[in-house]
Amino acid sequence: MPGKLKVKIVAGRHLPVMDRASDLTDAFVEVKFGNTTFKTDVYLKSLNPQWNSEWFKFEVDDEDLQDEPLQITVLDHDTYSANDAIGKVYIDIDPLLYSEAATVISGWFPIYDTIHGIRGEINVVVKVDLFNDLNRFRQSSCGVKFFCTTSIPKCYRAVIIHGFVEELVVNEDPEYQWIDRIRTPRASNEARQRLISLMSGELQRKIGLKVLEMRGNAVVGYLQCFDLEGESGLVVRAIGTACTLDKLSSPAAFLPACNSPSKDMKEIPFNEDPNPNTHSSGPSTPLKNQTYSFSPSKSYSRQSSSSDTDLSLTPKTGMGSGSAGKEGGPFKALLRQQTQSALEQRGGSPHRFCRRREFPFFTLTAFPPGFLVHVGGVVSARSVKLLDRIHNPAFVGIMGNTRSYKLLDWNSFNSDEPETRDAWWAEIRQEIKSHAKALGCHAVVGYSESTSICEEVCILSASGTAAVLNPRFLQDGTVESCLEQRLEENLPAGCGFCHIPYDELNMPFPAHLTYCYNCRKQKVPDVLFTTIDLPIDATVIGKGCLIQARLCRLKKKAQAEANATAISNLLPFMEYEVHTQLMNKLKLKGMNALFGLRIQITVGENMLMGLASATGVYLAALPTPGGIQIAGKTPNDGSYEQHVSHMQKKINDTIAKNKELYEINPPEISEEIIGSPIPEPRQRSRLLRSQSESSDEVTELDLSHGKKDAFVLEIDDTDAMEDVHSLLTDVPPPSGFYSCNTEIMPGINNWTSEIQMFTSVRVIRLSSLNLTNQALNKNFNDLCENLLKSLYFKLRSMIPCCLCHVNFTVSLPEDELIQVTVTAVAITFDKNQALQTTKTQVEKSLQRASTDNEELLQFPLELCSDSLPSHPFPPAKEHLESASSNSGIPAAQRAVTVEKASPMSEGNFRNRSAPPCANSTVGVVKMTPLSFIPGAKITKYLGIINMFFIRETTSLREEGGVSGFLHAFVAEVFAMVRAHVAALGGNAVVSYIMKQCVFMENPNKNQAQCLINVSGDAVVFVRESELEVVSSQPPTANCQSSCPGGDVTT
Amino acid sequence: MTNELDIFVGNTTLIDEDVYRLWLDGYSVNDAVALRVRSGILEQTGATAAVLQSDTMDHYRTFHMLERLLHAPPKLLHQLIFQIPPSRQALLIERYYAFDEAFVREVLGKKLSKGTKKDLDDISTKTGITLKSCRRQFDNFKRVFKVVEEMRGSLVDNIQQHFLLSDRLARDYAAIVFFANNRFETGKKKLQYLSFGDFAFCAELMIQNWTLGAVGEAPTDPDSQVDDMDVDLDKEFLQDLKELKVLVADKDLLDLHKSLVCTALRGKLGVFSEMEANFKNLSRGLVNVAAKLTHNKDVRDLFVDLVEKFVEPCRSDHWPLNDVRLFLNQYSASVHSLDGFRHQGLWDRYMGTLRGCLLRLYHD
């Protein structure tokens, strides 16, 4: 499918002065694609040239279209000497290659130079004409859509979720090629930027091919990362979830995303489902608001670290034996078999590349309703690898100082075959898979992979959440067994996913089980750790909060194997401590589940850092967490006892305070009502960990003493004392502030439209004198806490607001430096409106329900379910009938009604909306790490944004020091992302993520360099307040006008 | 443990109005932090001094980066690096170009040259405004001056178009540019009682009536040879003003003028006798000011002369403002009844403006 790429250079503005004599510039433009280059005329003596060029046409293969970026270089013409480059623009034309996305790229792009930053702007128009060509053996994968969003994108519905796709590409790093010694830093940076752009294009194309093999048409949760391995090369790797998506054709069919991003996601596939007979498991089943009882139980999270060895846990999947739940058991087993067969069937399908599908992993963190059946717990694996080393004494970093290149400065070899890296990851994935199996699960959701590299040592990490999935989405939608229907009837929404997937009598680790506090039919653990977002139908009490565990461990400097061994030896202890810290902090908050857990282990030359972030919540289905008990080991010491009791009091006070703060007040229900506790072999909480230093021995660490709901801390040594102290030093956010690292904050649903995405970077220098573990821990803790405090202070004008998707990244650029990068979004919400709105909305919707479609109720009802428990629900039957018989209801009409019932009331919106941009020519582009925009609907996905920039300076002081340099660079990166989105016709980036921010400095030489990699989905959104104009018209007229659209849909 | 690097970048650039003010006022980061601490912000927000320091640094860095754009405000609107809502952009520009009354009084009417810039030290000491802030204000004056100096069309419109200032501020800048261009003396001790507002008021009247741009509908014809310049006084007009001398040189005319005024005002003026006694002096003063305006030096002394020749004599006789108004109205109007006087139009153009100026200048 070859194509014709057409480019027009319109004009430039704000160009820099290149000719000192005239204070003007004689600019012209080179347009390059592949090996073809065109030039515009020279526009003499102007800082605002108007080239208005002809259309430059490139005839190219679509393979090239996918791989190559369009490269636009602006130069200053010089008669007597070489032309000076002003800067470049790289444009990824991928979004033009699939029909539903952008049709033209047109707009002002910042002209970027790796040494000077942004220097003016250029107006460019790009179009692509594709010729159809049905070549079976094509190498391109045009048409496969990519999404960074880790849920089913808003205006699509998932027909099938195929599963895991991965690929990696390896190349030499241009910065380490011999030529780098003679070329300029600019040339080197540009070579690198171009190479990475090429490699990402190639990677995306290859993944696309795999998706086509699987008969999918999209990749969701696409995550691409770079490993800068220095001399051994550059690895670009990506993982994602292949899906077959259907576009919902009428944009009006999308439900408002203002309150919970996933609301619509859960509803759309439901309503539009080709098999309406499954509708009985309505997403807002009435059970949701019925909270019953709670009793304590226990948790698990499986972690493991391994060094070079594959961990082969004995699969404990004899699931048929001894059913766990009364009715649930057989179904569970059946379901499991079915899921497995679904997964294996596809894995064993006669397609090529089928080996890719051997991992039942999903990078998604939020799912269509009914997809997630049970959640087992977190599974993770780490492996320490040694990158091959060839001594190369002649190597000199680009700045002539290797010190500033610590991160990259380790030694080379030429062609590390991708197979090596592939094998490494395959090994880790295998381990994850076996962990999941041990938890009685056949799939891993919320899966992610990461690396940390220091010199020649590389830690590969993978983690996810073991889960049992509903096979319906994994198959080709044709087989609808009665089993799942019955199963769905049996699974109350809001607690089903908490029920244990593993066999109670054959538990993979000792755990404390109770009957579910919600349905009281099935067993649940007492604590649940997951890497996914909180399922939308989960019943939560109170609000959630960000919980972090932070840890440093000193390590001796060592070389090669010795170093790798040292790291491998430290890892299990770090994981253990991180886990303990998380557990303690969770209990201190009075909560019982963690979502979005992300544990990052960073390796430096002389230390290891661990940072775990998660969002704690109180799940109504799980038992109330016990307190924390402190025990002293020195008896008969009066003052000591006093001290212990003092500490105990402080802890109890904190727990009580937190419960109040996060509004955790579960209904008190006495034990008798729940029935007798489940006989438990051990009434102790145990943490299981499987460490594998070439042995599969399972080490069990006993964490608790005596009382079952107490978590006991012994403060018999200074270490433990410190733990207790650090527990108490975490300051809660100031009033009006909440924070979480998941998409949405559990317990807040009345978002208003103001959002502020930000990136904050801090680097601290440790004084080398006090390098003890304790001092390090304190420094690191202070760093994170101070950073959070600064954020709260800076964003104080947005109160009441919530920091969502708080993403911390730690790196150790040098011996004594710790760098923490935070990206998050602050969203305002309406404190007062929550209850009133939902009430009025319910009334409204009730009235409406009598006249209108019943299914509309789902949405508003869900919002009020907590506040109005006695509310009558529409019978599911009726509901089902209306859905099935009226499958031809125009989507528009539905949407309109829901719109009105939406709790985002009109007034609320208009107050907040910014004044109209009367005289500004620059359109506002919103950026958010979330998959939605509060108070708005995403109507179109324009394509993936994946950009990589290098910035270097040789005049660090003049640019305001390291802070000035990086501040300007980050601002420039934002600007370039916004410009690209605007040129695609979009007005926002969702699922934005800064994947890498590698900063290196050499103050002595007045130099610094920084690499930033960002990605996200460019989208078009429409404010709900604007949509209201439409919806306020007479509904009949509206219906008529959109009826044709609705017919097409169905 | 020290912070080597500490940045915060928002997709929408955060602007803290209080910190912006401190920055504009020329305080160093440390001074600004100290001032913020004093404002009680720590108690209100529960933040620490370190947080405040980091926050202030961040804002200062942002302002520093924005400053380059603020020098040409339309650039701020079109640039892509900082996403700032329009209302905030307007605030940034307006505050950046705002100036201190005390400062502008020192500089008003002075040549905006390097020489004056060197005096900023003294001005800073005298006014208590930081040198940094003085420099910014001075550079603003100079920048606006340079851009609009040679431009055709309405001065206020030109300033508004190129600097996107509010109407109020653009008018003030028009006055500053006008004063700087004509080098009116404003610093004499006698003139110290006058505020910038007084001068700006006069400048506006003079721009409206006494400059080239004030003549006819010239701007509608782009090819017109007449320079439509608001910054320069109409030289021809100033030359013509000599003709007014006849009003005081011709004794009959002067007497007739006096009698007309006195007849009209008898019984209406509290200070009638003083007026009658002083009429000739005052009239001579006003007409002579007009006749002298042909010389650049005398143009510069316009305000000194007005105060000396008119404001001070009246003030010493304790004329109430209303009497001054009645007198000036009658004084201007009566000329129309002087049959022997042929320059009625010229007189109105001169006196109309002068009357407005004098009334504004007449206060304690």
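By convention in this document, chain letters (A, B, ...) are assigned in the order of the sequence lines, proteins followed by strands, and residues within each chain are numbered from 1.
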Item to check | chain B contacts, top residue of A:V977, A:V973, A:V970 (heavy-atom pairs, under 4.5 Å) | outcome: A:V970
Checklist outcome for this item: If one checks every heavy atom of A:F999 against chain B at 4.5 Å, the contacting part turns out to be side chain
Checklist entry - Got a donor-acceptor contact below 3.5 angstrom from the A:R978 side chain to the B:L80 backbone? => result yes
Checklist entry - How about A:S963 and B:R61: do any of their side-chain heavy atoms sit closer than 4.5 Å? => result yes
Checklist entry - Do the non-hydrogen side-chain atoms of B:V51 and A:N786 ever get within less than 4.5 Å of each other? => result no
Checklist entry - Tell me, side chain or backbone of A:H967 under 4.5 Å from chain B's heavy atoms, or both, or neither? => result both
Item to check | Gap between atom CD1 of B:I7 and atom OG1 of A:T759 - 0.5 Å precision | outcome: 7.5 Å
Checklist entry - In terms of heavy-atom proximity below 4.5 Å to chain B, should A:L787 be classed as side chain, backbone, both, or neither? => result neither
Checklist entry - Is there side-chain contact between B:E4 and A:R762, with heavy atoms separated by less than 4.5 Å? => result no
Checklist entry - Does atom NE2 of B:H71 have more than 12 heavy-atom neighbours, drawn from other residues, nucleotides or ligands, at distances under 6.0 Å? => result yes
Checklist entry - chain B heavy atoms under 4.5 Å from A:V822: which part of the residue, side chain, backbone, both or neither? => result neither
Checklist outcome for this item: Most contact-rich option vs chain B, by heavy-atom pairs under 4.5 angstrom, among A:W108, A:F974, A:Y992, is A:F974
Item to check | Non-neighbouring partners of A:K794 that pass salt bridge (charged side-chain N to carboxylate O under 4.0 Å, His left out), sequence neighbours left out | outcome: B:D55, B:D58
Item to check | A:R13 (side chain) donor-acceptor with B:H78 (main chain) under 3.5 angstrom | outcome: yes
Checklist entry - Given that the side chain runs from C-beta out, which part of A:I818 has a heavy atom under 4.5 Å from chain B: side chain, backbone, both or neither? => result neither
Checklist entry - For atom CE of A:M947, is the number of surrounding heavy atoms from other residues, nucleotides or ligands below 6.0 Å larger than 12? => result yes
Item to check | Leading residue by heavy atom contact count with chain B [cutoff under 4.5 Å; candidates A:H14, A:E972, A:K789] | outcome: A:H14
Item to check | Atom pair CD1/CE of B:I81 and A:M976 - distance to nearest 0.5 Å | outcome: 8.5 Å
Item to check | Side chain, backbone, both or neither of A:L966 within contact of chain B (heavy atoms, under 4.5 Å) | outcome: both
Checklist entry - Looking at A:V825, A:V925, A:L817, which makes the most heavy-atom pairs under 4.5 Å with chain B? => result A:V925
Item to check | chain A neighbours within residues 8-35 of chain B, where any heavy atom lies under 4.5 Å away | outcome: B:F8, B:V9, B:G10, B:N11, B:T12, B:L14, B:D16
Item to check | Residue pair A:F793 / B:I41, side-chain heavy-atom distance below 4.5 Å | outcome: yes
Next on the checklist: What part of A:A968 gets within 4.5 angstrom of chain B, counting heavy atoms only: side chain, backbone, both, or neither?
Outcome noted: both
